[in-house]
Trainee: 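Please read through the structure below; I'll follow up with questions.
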Number of protein chains: 2
Amino acid sequence: MAHHELDELDEKILRMIVDNARIPFLEVARACGVSGAAIHQRVQKLTGLGVVKGSEFLLDAEKIGYETCAYVGIFLTSPSTFEYVVKELEKIPEVVECYYTTGQYDVLIKVFAKNNKDLLRIIHTELQPLGLSRTETLICFKEGFRKKLPIQFIEKEA
Amino acid sequence: MAHHELDELDEKILRMIVDNARIPFLEVARACGVSGAAIHQRVQKLTGLGVVKGSEFLLDAEKIGYETCAYVGIFLTSPSTFEYVVKELEKIPEVVECYYTTGQYDVLIKVFAKNNKDLLRIIHTELQPLGLSRTETLICFKEGFRKKLPIQFIEKEA
DNA sequence: GCTGAAAGGAGTTTTCT
DNA sequence: AGAAAACTCCTTTCAGC
């Protein structure tokens, strides 16, 4: 039903490029049995559709000086401050992700800090002044794993 | 103090490639005033050091069929089940991140699902059977933002 | 929408400094 | 460590189907 504009070739291309942004498109082309130009056009189409949002190199946070990672659940004083708070959170370099959530918190953010002391500084001198009702900090002392979603949007007809 | 092996050139290279994995290294070379071979060697060095962990294309989760994103906080029945639970969580395709945390929960995971109903299925038929004490679900109904950490590990001497 | 070819660039290796 | 050069391979475009 969804994604009438995407076919098996798109799926195969995405699977090949998603974990290695620097793979030569010609290699993808050979694996898919089409020309390099076709891959080039498909990736452009996928980018135009917004399916592909860009590419990036993955860095090890610890190795660039960020030893502490935490999620901070935020309770706002009033729902009307949502937009303001998020706009201000975005300005804090150490806050790398921000979600509006249902459930426990109003907003959930992911924060990197140099160390635990630095995390405290961020919470006390960067977050609290935004006029939050309360925060709850979940320090990630170990990353269990991180992986990619399966790419499979083609309907398998029975 | 840290990262004696990294210098300003490494920093500049990382800043240039981190948000665009397909940038030509020759373009980086010209911007840095060095040869393409130098960039090639530096990126290899950074990869060897584990600073660079790979590259990836970013896909729009909604556009590949995952409309619901949630964090699930997990309470274990006993600390001794940590490793088993994480190993089993890793086998669930929709669970894309997993952290050992201090604070509210024992484990925090990030889950993508096709829709809210699918999320419930995952929680009930995939997570609960692992023998968890309890779970708390935070549905992300909107992503506020997502960005990269600042890259700056060179000590600025006063 | 794809192919194939052509032209211009880029990636990678080697050699030298 | 990096430069320069050489070689290989890739990207991008376009005519043609």
Side-chain angles (χ1 to χ4, degrees), chain A residues 1-60 63-65 151-157, chain B residues 1-60 63-65 151-157:
Chain A
M1 23 176 26
H3 306 300
H4 279 239
E5 63 267 272
L6 303 181
D7 63 13
E8 292 90 346
L9 180 54
D10 293 310
E11 215 178 87
K12 191 163 183 186
I13 292 168
L14 288 175
R15 286 210 196 92
M16 287 195 74
I17 68 176
V18 75
D19 276 321
N20 177 9
R22 290 198 66 101
I23 190 172
F25 288 173
L26 268 180
E27 190 178 328
V28 178
R30 287 187 289 263
C32 294
V34 296
S35 69
I39 302 297
H40 184 251
Q41 289 163 21
R42 290 287 186 129
V43 173
Q44 285 202 148
K45 180 193 76 174
L46 290 164
T47 303
L49 288 171
V51 176
V52 169
K53 295 199 289 185
S55 64
E56 61 182 30
F57 270 97
L58 298 171
L59 306 190
D60 186 306
K63 294 203 168 130
I64 58 168
I151 295 169
Q152 188 171 350
F153 40 71
I154 303 302
E155 309 290 324
K156 311 291 183 199
E157 305 297 337
Chain B
M1 27 177 20
H3 306 300
H4 279 240
E5 62 267 272
L6 303 181
D7 63 13
E8 293 90 347
L9 180 55
D10 293 310
E11 217 179 85
K12 190 163 184 187
I13 292 168
L14 289 175
R15 287 211 196 93
M16 288 196 72
I17 69 175
V18 76
D19 276 320
N20 177 9
R22 294 205 55 107
I23 190 172
F25 287 174
L26 275 178
E27 189 179 328
V28 179
R30 287 187 289 263
C32 294
V34 296
S35 70
I39 302 297
H40 184 249
Q41 288 165 20
R42 289 286 186 132
V43 173
Q44 283 199 151
K45 181 194 76 174
L46 290 164
T47 303
L49 288 171
V51 176
V52 168
K53 295 198 289 186
S55 64
E56 61 181 30
F57 270 97
L58 298 171
L59 306 189
D60 186 308
K63 293 202 168 132
I64 60 169
I151 296 168
Q152 188 172 347
F153 40 69
I154 302 303
E155 309 292 323
K156 311 290 182 200
E157 305 298 338

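Sequence lines set the chain letters: A, B, ... in the order given, protein chains first and strands last, and positions in each chain run from 1. This is a predicted model, so every value here is computed, not measured.
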Trainee: In whole angstroms, how far is the C1' atom of D:dT8 from the CG atom of A:Leu26?
Mentor: 12 Å

Trainee: What is the distance from CZ of A:Arg42 to P of D:dT11, rounded to the nearest Å?
Mentor: 17 Å

Trainee: So, applying side chain to side chain contact (heavy atoms under 4.5 Å, CB included) with A:Val51, which one of A:Ile151, A:Leu6, A:Val43 is it?
Mentor: A:Leu6

Trainee: For A:Glu27, report the nucleic acid contact type (base, sugar-phosphate, nothing); a contact means any heavy atom under 4.0 Å.
Mentor: nothing

Trainee: How close or far is atom C1' of C:dG1 from atom CD of A:Glu5, stated in whole angstroms?
Mentor: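 The answer, rounded to whole Å, is 15 Å.
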
Trainee: Using a strict cut-off of less than 4.0 Å between a Lys/Arg side-chain nitrogen and an Asp/Glu carboxylate oxygen, indicate whether A:Glu11 and A:Arg15 qualify as a salt bridge.
Mentor: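 Yes, charged N to carboxylate O under 4.0 Å.
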
Trainee: With nearest nucleotide decided by heavy atoms, which residue, A:Arg22 or A:Gln41, maps closer to the 5′ end of DNA chain C?
Mentor: A:Gln41

Trainee: Does B:Leu46 offer a backbone N or O that forms a donor-acceptor pair with the side chain of A:Lys63 under 3.5 Å?
Mentor: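 Side chain of A:Lys63 to backbone of B:Leu46: no pair is present.
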
Trainee: Please compare A:Ala38 and B:Pro24 by the position of their nearest nucleotide in DNA chain C and report the one closer to 5'.
Mentor: A:Ala38

Trainee: Roughly, in whole Å, what's the span from CZ in B:Arg30 to P in D:dA3?
Mentor: 14 Å

Trainee: Which nucleotide, C:dT13, C:dG11, C:dT3, lies nearest any side-chain atom of A:Ser35?
Mentor: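 In terms of side-chain proximity for A:Ser35, the closest of C:dT13, C:dG11, C:dT3 is C:dT3.
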
Trainee: For B:Asp7 and B:Arg42: C-alpha separation, side-chain torsions, deciding distance, then whether salt bridge (charged side-chain N to carboxylate O under 4.0 Å, His left out) applies.
Mentor: CA-CA 11 Å; B:Asp7 63 13; B:Arg42 289 286 186 132; 2.8 Å; yes

Trainee: Given atom NE2 of A:His40 and atom P of D:dT13, what is their separation to the nearest angstrom?
Mentor: 6 Å

Trainee: Measure from CZ on B:Phe25 to C1' on C:dT12 and round the result to the nearest Å.
Mentor: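 Distance check: B:Phe25 CZ to C:dT12 C1' gives 11 Å.
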
Trainee: What nucleic acid atoms does B:Leu9 come within less than 4.0 Å of, heavy atoms only: base, sugar-phosphate, or nothing?
Mentor: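 Sugar-phosphate contact only.
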
Trainee: Quickly work out the B:Asn20 CG to D:dT11 P distance and round it to whole Å.
Mentor: 14 Å

Trainee: Quick one: A:Ile23 CD1 to C:dT12 C1', roughly how many Å, whole number?
Mentor: 17 Å

